[in-house]
Amino acid sequence: MRLPTNGLDYTILAIYFAVVLGIGFAARRSVRTSLDFFLSGRSLPAWITGLAFISANLAATEILGMAANSAQYGAYTVHWYWIGAIPAMVFLGLVMMPFYYGSKVRSVPEMLLLRFDRAAHLLSSILFAFAAILIAGVNLYALAIVVEALLGWPQWVAIVVAGAFVLAYITLGGLSSAIYNEVLQFFVILAALIPLSVLGLKKAGGWGGLVDKLTAAHGHDFTTAWGGTGIGSANPLGANWLTIVLGLGFVLSFGYWTTNFAEVQRALSAKNLSAAQRTPLIAAYPKIFIVFLVMIPGLVAAALVPGIGTSGSDLQYNDAIPYLMSQLLPNGVLGIAVTGLLAAFMAGMAANVSSFNTVFTNDIWAKYVVRGRADDYYVRFGRLITAIGVSASIGTAFLASSFSNIMSYLQTLFSFFNVPMFVVFVVGMFWKRASAKSGFWGLLAGTMTAMVNYFVLYKRHVIGIPSDQGANFVSAIAGFVAGAIVMVIVSLFTAPKPAEELEGLVYGTRSPGMAEPPAPGDEAWYRRPALLGWGAVILAALCYVPFSF
């Protein structure tokens with residue numbers, strides 16, 4: 001799959017890296033306090049934070065992983081977007097951002113400190129920091145395999161060079177540097193994926209020709225969203241409609257989008273509550289259509305390379321996009337595509353590293369290790385822990401190498417770490433009686449149950465689940481149910497928090513410092529969160545129609 005790159009391609013790549021560092025140096029001038037470094041001083045407009053929100057998610061793992069998903073499972077990939085993202089993004093904007101932004105927390109774990117107690121806060125901080133490093137490592141591994149295959153660079157060279165650039169611009173400009181680079185990276189990624197999808201469709205004989213080839217090789221269900229998902233029916237995904245709706249559409253999806261600080265941090269950097277609410281809603285619209293840019297290359301690879309990902313093929317599912325790049329793209333466009341993949345990697349890694357340094361500095365170091373120091377001390381420590389985080393992610397990159405489909409690995413991590421945190425948030429936010437002690441025990445029970453289901457029941461074949469993705473859905477449901485049950489039991493035997501300490505932390509209460517919402521009609525339609533949110537949900541539902549039969 002070695003790419004015939006030339007001087008033009010490398011020039012494009014060099015220009016991109018120069019611009020990335022230039023943004024880092026420019027953003028450094030705005031960093032004067034820890035709030036500037038970790039949350040951009042809460043000063044950014046909604047369109048900037050919205051594009052950064054979607055770009056942080058559109059990482060190399062998303063691009064390679066969802067293309068791999070499509071090559072392995074077919075059109076079922078649309079579920080990860082239209083039911084597995086859009087409703088949760090709307091819920092975050094309309095329901096949860098008023099709590100996050102109104103309470104003035106600097107991180108998601110800090111919200112648990114306010115609602116529950118120090119034990120829940122510390123456990124969630126440690127789990128999130130660990131997960132962020134693991135996910136950053138996945139991005140490093142994804143970059144390494146692509147660059148080695150396409151450009152011939154040794155894996156360690158690709159990891160060190162890209163990691164150094166991410167470290168440089170985050171250390172220089174903090175979150176502002178990461179966000180402005182993510183806006184740039186969003187457009188570079190699109191410039192890479194659009195020609196690849198168009199040329200791939202042309203190579204496969206158009207959409208009709210692609211569907212005919214896939215149907216002949218894999219059956220009709222491979223090109224539909226819901227075909228074969230009846231309970232008891234066999235399908236490539238190994239999941240039925242109930243586990244898709246509950247496991248992916250509710251538990252995994254809401255767990256990721258509403259509690260993953262790598263995403264929420266972008267909204268917390270917005271200039272006011274309205275902009276913070278609109279951040280995930282603005283991001284929802286491109287998210288609806290990006291599925292085509294990652295799904296089509298995977299489907300094309302499945303059509304052009306029969307047996308991809310099987311023992312009889314030289315190509316893994318993760319190789320879908322690199323293979324098409326090597327076969328379809330001319331020089332110049334090839335340079336843009338390689339730059340787009342590197343941009344995607346850097347966006348994903350930067351999102352996880354910037355959220356890691358915020359949580360580790362503010363929620364672990366400043367609260368439990370070195371307390372009460374001057375503000376500039378924590379800025380310096382934030383820069384130091386960024387370097388440590390990048391170094392640690394290099395080590396975790398090798399853990400991802402055992403997975404043929406890195407998206408399965410990511411979904412496994414989400415079921416372990418995001419889902420238990422989500423159930424604690426949901427119970428605590430909608431039930432006043434949830435006690436301070438219940439947060440810690442619910443989080444612990446949910447995490448352990450998800451791990452036991454995956455590593456013991458599934459991996460040891462105690463229960464029969466056809467695929468890793470199906471096991472992830474079941475693990476997510478099991479973790480959610482276990483966490484909720486334990487929270488209810490613990491709450492019934494321990495004292496609830498006083499009502500005055502729950503203001504602005506439980507649904508139906510209002511934080512004293514939260515600004516009054518604008519009166520209906522006072523804002524332009526595109527600034528009304530409810531209108532934007534429902535519009536995204538309806539548009540996503542309409543997109544399902546052509547893939548439902």
Side-chain angles (χ1 to χ4, degrees), residues 46-69 77-93 96-97 108 128 131-132 134-136 138-139 142-143 166 175 178-190 192-193 248-249 252-270 276 278-295 340-356 406-407 409-411 413-414 417-418 422 536 540:
W47 74 272
I48 291 287
T49 55
L51 290 180
F53 189 97
I54 190 63
S55 182
N57 172 253
L58 192 60
T61 49
E62 172 86 1
I63 294 173
L64 296 181
M66 284 304 176
N69 242 26
T77 298
V78 299
H79 295 309
W80 272 265
Y81 290 77
W82 299 336
I83 194 174
I86 304 304
M89 294 168 77
V90 171
F91 183 82
L92 171 64
M96 297 196 69
M97 281 316 302
V108 169
F128 176 81
L134 287 175
I135 297 172
V138 178
N139 279 280
L143 169 84
V166 171
L175 184 62
I179 285 178
Y180 282 112
N181 268 304
E182 284 160 3
V183 173
L184 168 66
Q185 288 156 351
F186 174 75
F187 293 105
V188 174
I189 292 167
L190 291 186
L193 291 179
L248 174 62
L252 272 172
S253 169
F254 279 67
Y256 174 80
W257 290 104
T258 64
T259 65
N260 183 21
F261 186 50
E263 300 293 338
V264 175
Q265 187 179 27
R266 274 75 194 143
L268 288 178
S269 66
R278 284 181 282 127
T279 293
L281 305 179
I282 291 171
Y285 286 88
K287 184 71 174 177
I288 293 172
F289 301 104
I290 284 172
V291 61
F292 297 109
L293 300 182
V294 295
M295 181 178 71
L341 280 182
L342 291 179
F345 150 76
M346 293 171 73
M349 184 178 182
N352 283 284
V353 169
S354 62
S355 60
F356 165 78
I406 55 177
M407 186 51 62
Y409 176 53
L410 278 180
Q411 295 293 321
L413 295 180
F414 296 154
F417 300 112
N418 292 95
F422 171 61

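Index from 1, following the sequence.
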task = Give, for atom CG of L293 and atom CE of M66, the distance between the pair rounded to the nearest 0.5 Å.
result = 13.5 Å
Heavy-atom pair of closest approach, residues A351 and S354 = O-OG, 3.1 Å
request  = Starting at CZ of R266, measure out to CG of L175 and round the result to the nearest 0.5 Å.
outcome  = 5.0 Å
message = Closer than 3.5 angstrom, by distance alone: can the side chain of W82 be matched with the main-chain N or O of I288 as a donor-acceptor pair?
response = yes
Nearest-0.5 Å distance, OH of residue Y256 to CG of residue N57 = 4.0 Å
query = Under 3.5 Å, is there a donor-acceptor pair between the side chain of T258 and the main chain of F254?
reply = yes
message = When you compare the side chain of V108 with that of F128, does any pair of heavy atoms fall below 4.5 Å?
response = no
request  = Compare all side-chain heavy atoms of M97 with those of L92 and state whether any distance is below 4.5 angstrom.
outcome  = yes
ask   = Which atom pair, heavy atoms only, marks the closest approach of I179 to S269?
value = CD1-OG, 3.4 Å
message = Do F186 and I290 have side chains that approach each other closer than 4.5 Å (heavy atoms only, starting at C-beta)?
response = yes
remark   = Note: A343 and V188 closest approach over all heavy atoms is CB-CG1, 4.1 Å
message = Quick check for you: to the nearest 0.5 Å, what is the distance between K287 atom NZ and L281 atom CG?
response = 14.5 Å
Point-to-point distance, once rounded to the nearest 0.5 Å, from CD1 of I86 to OH of Y285 = 9.5 Å
request  = Compare all side-chain heavy atoms of V264 with those of T259 and state whether any distance is below 4.5 angstrom.
outcome  = no
query = Between CD of E263 and CG of L268, what distance do you get to the nearest 0.5 Å?
reply = 12.0 Å
key: Closest non-hydrogen atom pair, A192 against G340   = CB-CA, 3.8 Å
inquiry  = Within the 4.5 Å heavy-atom criterion, are V78 and F292 side-chain neighbours or not?
reply    = no
message = Are N418 and L252 packed together at the side-chain level, in the sense that at least one heavy-atom pair is separated by less than 4.5 angstrom?
response = no
key: Option passing side-chain contact (heavy atoms from CB on, under 4.5 Å) with W257 (candidates F53, F91, F422)   = F53
request  = Check P280 against A276 and note the closest heavy-atom contact, atom names and distance.
outcome  = CD-O, 3.3 Å
note = Across all chains, not counting sequence neighbours, the side chain to side chain donor-acceptor pair (under 3.5 Å) partners of T279 are T49
request  = Heavy atoms only: give me the nearest S55-Q185 pair and the separation to one decimal.
outcome  = OG-CB, 4.0 Å
